[in-house]
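Have a look at the structure below, then the notes.
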Amino acid sequence: MTIDLSRRGFCIGTALLGFQTISSGVLARSEDGTVKLGLVAPMSGPNARYGSFSLRGAQMAAKEINGAGGVGGRKINIMAGDSQGTPVEGVSATRRLIDQDQVDFIIGDVSSSVTLAMQPVAEDAGVLLLNAASSNPKITYKAGVGGFKWTYRNYPTDENRALIVLQYAAEKKGFTKYAVLSVDTDYGRAAIEFTKKYLPRFKSQILTEDYYKEGEVDFRSVLSKIRDSGAQAIIMYGNADSTPIVGRQMIEVGIAGKIPLIGNAEFNTASTIKAAPKALEGAIEAAAWLPAYDSEKSRAFVEKFTAEFREAPNNHAYVHWETVHLLAKAIEQAQSIDREKVRTALSNIHYASAVGEVTFDDHNQARLPMILLEIENGKPAIKGAYSADIDYPK
Amino acid sequence: MVYTVIEQVVNGIVSGSVYAIVAVGMTMIFGVLRAINFAHGEYYMLGTFGAWFAIDYFDLPYPVAVVIGVVATAVIAVVVGNFVMQRIVGAPAEAGVLATLGVALILQNTIILVFGGSYKFFSGGYIEPVTLFGFTLAEQRILIIIVGLIVFVGLELMVTYSRIGKAMRAVSQNIECCAVVGIDVRHVALWTFILGAGLAALSGVLTAPVNVSVYGGMGELITFKTLPIIIMGGLGNVRGTFVAAMILGIAESLVATYVGLQFRDTVGFATLMLVLMWRPHGLFSAQARF
């Protein structure tokens, strides 16, 4: 007996097979008995350090939640996707997590450029994208009433950061002349864009402006130029791995201890300070969190993380740990893993984080303070916590 | 003004010395094997990792770590040379491209698998600034320039006077004739490859103290810096490579200062295009190889 397969039959058959695959996937997603949580972060490449800390933070939170019986009886299963810190890889990882792994929710990415690229993908799929570490303001300009209803961010924005840093540098240090040395990404560029917005308020100016590619290792030419420019401070919004290199080369060109770094690039990390103590002394940074932050919940987290991984956590470990707990609370309040119900729960949440209560505005942006610190005698000294409402473009 | 320009030229010479030591190995490998080694930056990375491992795990002094980094890379090069590089002698160009790209991926990902993907901090070396004629330069950078000069003088002497050096020159000029007169081409290819990989590793361990961060993917950037240098210098030409490396180093330094740091990486291929428009076979192609 031969089977006569017509073109129409083949098309209908393929469509049915596809439908069956999709529906079985949906069943797998809802009947698996776990909460499948995708985590997109740079696990390799120049920002791999961030990804490693993010994953450890998230896994530690999942372990804590699962150990206490799970969320609504379901265990959290973290499924990691490597963005390599690039938008193209980030989108591939997001698609893989949504289409193949059938994740219920996604946390990601550390890099603003990657998060901006992930937003439409999550929106098309109707999957909740909860960002824990990107700071470009555009991410939440575009979210909530701005458009993307599935994107939320549990992290402060660069607009606040730029204002806080500039205000402290001008009022407490008397700086008015700056050199810019920032990473050439949506994060680094946006931070400087907002710095420029506030420069006239503090009668300040930028004398030189340079952006470096991720992975850059030779800053000497630019640092020599900065030395000769008359700048009082270097505004650096960069990635943590470049800071020790910049610090060391500041020693080489003779500006360490004379022209401080201000902005944000993990100036407060012990290993970074150890790499170039003279260059990091006097560095001013605004961060979402730092290990020295003094609250009971924060201290307990640092202690537990350090005991488990034999290394102090960084900002990314903390924000991912906190964000998994935040999501778990939203799931618990929704009493379901139904995406729509969890989204509604998140919009109305009042979550007690280590740095204060988290609520979301109509742009799905968490209201969070920034912590300002200065490196004094080789250690970060906290100078205060500041928050401000975001001025969304009309 | 003049002071700044001279300082930037000195900075460029330092970068150029690093590029030169890496690129000379790559160009010699091309001369003998007729294949661009796309895994060349990975030997730079392996050397750096070897030295970092020696310092971080065994607390060895920097000079010892340098030797360990270079020797460890040479050992890996013996294995890769025997199993891969010798087999591409006389093979079509595509075979060389694919084989070396494959080796690059394997080496890079093996390191990421063993040591993780994150940056490691290289704590060895000598970074204190020294003031010479009013210019400040880290001790390590002076060391890089000195070692660069020693390497090039040494290579010149080797290819001119030593038996293996003469064989390398001969193979680079005509493989078939060498085979006819009884030169063991595969043996020469292997030794050239080990030498090239060792020089890349040496460059890595010399640069690590000032570049500070060590990670699995660090070789990629070096490979792509090296490509325009060896093409500009005339493929297989040692002296040409040295001059091209210096041109690139100085041009990059001046562009980073006067145009913008973000344009630094475009300099290599932009300079290459300009040179090729003027001299399509590279700057020194008219001269004999080596």
Side-chain angles (χ1 to χ4, degrees), chain A residues 42-53 55 82 84-85 180-184 188-189 208-229 239-256 269 271-272 274-276 278, chain B residues 1 3-5 7-12 14-15 18 108-109 112-113 116-123 125 127-131 135-141 207-218 220-222 249-250 252-266:
Chain A
M43 306 298 178
S44 60
N47 293 326
R49 179 184 138 82
Y50 295 149
S52 161
F53 271 117
L55 185 61
D82 183 8
Q84 295 177 26
V180 163
L181 179 57
S182 279
V183 66
D184 196 8
R189 292 266 180 186
T208 68
E209 193 171 342
D210 286 280
Y211 297 89
Y212 65 87
K213 301 271 178 224
E214 283 176 347
E216 175 65 64
V217 290
D218 192 351
F219 298 91
R220 272 176 55 85
S221 307
V222 168
L223 293 171
S224 310
K225 183 172 75 175
I226 291 171
R227 181 193 58 205
D228 302 334
S229 72
N239 42 359
D241 295 309
S242 301
T243 313
I245 311 174
V246 171
R248 280 239 179 165
Q249 295 181 3
M250 281 170 75
I251 298 174
E252 283 190 53
V253 301
I255 58 172
T269 309
S271 59
T272 303
K274 194 179 148 207
K278 205 170 149 193
Chain B
M1 173 67 189
Y3 174 88
T4 314
V5 173
E7 191 178 17
Q8 297 312 336
V9 171
V10 174
N11 283 342
V14 177
S15 309
V18 173
Q108 198 181 111
N109 287 290
I112 292 173
L113 195 69
S118 63
Y119 277 52
K120 279 89 190 145
F121 171 64
F122 193 93
S123 54
I127 60 150
E128 280 308 310
V130 176
T131 306
F135 300 104
T136 53
L137 209 57
E139 294 158 335
Q140 187 72 28
R141 293 190 190 265
T207 324
V210 284
N211 286 357
V212 184
S213 291
V214 181
Y215 66 103
M218 66 192 284
E220 274 176 20
L221 186 70
I222 284 292
I250 294 168
E252 276 192 352
S253 179
L254 293 174
V255 166
T257 312
Y258 297 106
V259 184
L261 184 58
Q262 64 271 36
F263 299 106
R264 179 191 206 104
D265 290 342
T266 61

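Both backbone and side-chain heavy atoms feed into the values below; hydrogens, waters and symmetry mates do not. First the proteins, then the strands, lettered A, B, ... as listed; each starts at 1.
- Between Val212(B) and Pro244(A) the shortest heavy-atom distance is CG1-CB, 3.9 Å.
- The side-chain contact (heavy atoms from CB on, under 4.5 Å) test with Leu261(B) singles out one residue from Leu223(A), Thr208(A), Val222(A), and that residue is Val222(A).
- Here CZ of Phe122(B) is found 9.0 Å from CZ of Arg248(A). Values are rounded to the nearest 0.5 Å.
- Side chains of Ser213(B) and Ile245(A) form a contact here, defined as non-hydrogen atoms less than 4.5 Å apart.
- Leu181(A) touches chain B through its side chain: at least one heavy atom from C-beta onward sits under 4.5 Å away, while N, CA, C and O do not.
- In terms of heavy-atom pairs under 4.5 angstrom with chain B, the leader among Ser271(A), Gly254(A), Ser224(A), Gly51(A) is Ser224(A).
- Within the model, atoms CD1 of Ile112(B) and CE of Met43(A) stand 13.0 Å from one another, a figure rounded to the nearest 0.5 Å.
- Remark: Leu221(B) CG to Lys213(A) NZ distance equals 11.5 Å, nearest 0.5 Å.
- Contact annotation: the side chain of Arg220(A) never approaches that of Thr257(B) to less than 4.5 Å [non-hydrogen atoms, C-beta and beyond].
- Within the model, atoms CZ of Arg264(B) and CG of Asp218(A) stand 4.0 Å from one another, a figure rounded to the nearest 0.5 Å.
- Between chain A and the options Glu7(B), Glu128(B), Gln8(B), Arg141(B), the largest number of non-hydrogen pairs under 4.5 Å is found for Arg141(B).
- Using modelled atom types, no side-chain atom of Glu252(A) and backbone atom of Ile127(B) make a donor-acceptor pair closer than 3.5 Å.
- Proximity to chain A is absent for every atom of Thr131(B), based on heavy atoms less than 4.5 angstrom apart.
- Proximity to chain B (any heavy atom under 4.5 Å) is restricted, for Phe219(A), to the side chain, taken from C-beta onward.
- Rounding to the nearest 0.5 angstrom, the gap separating the CG atom in Asp241(A) from the CZ atom in Phe121(B) is 12.0 Å.
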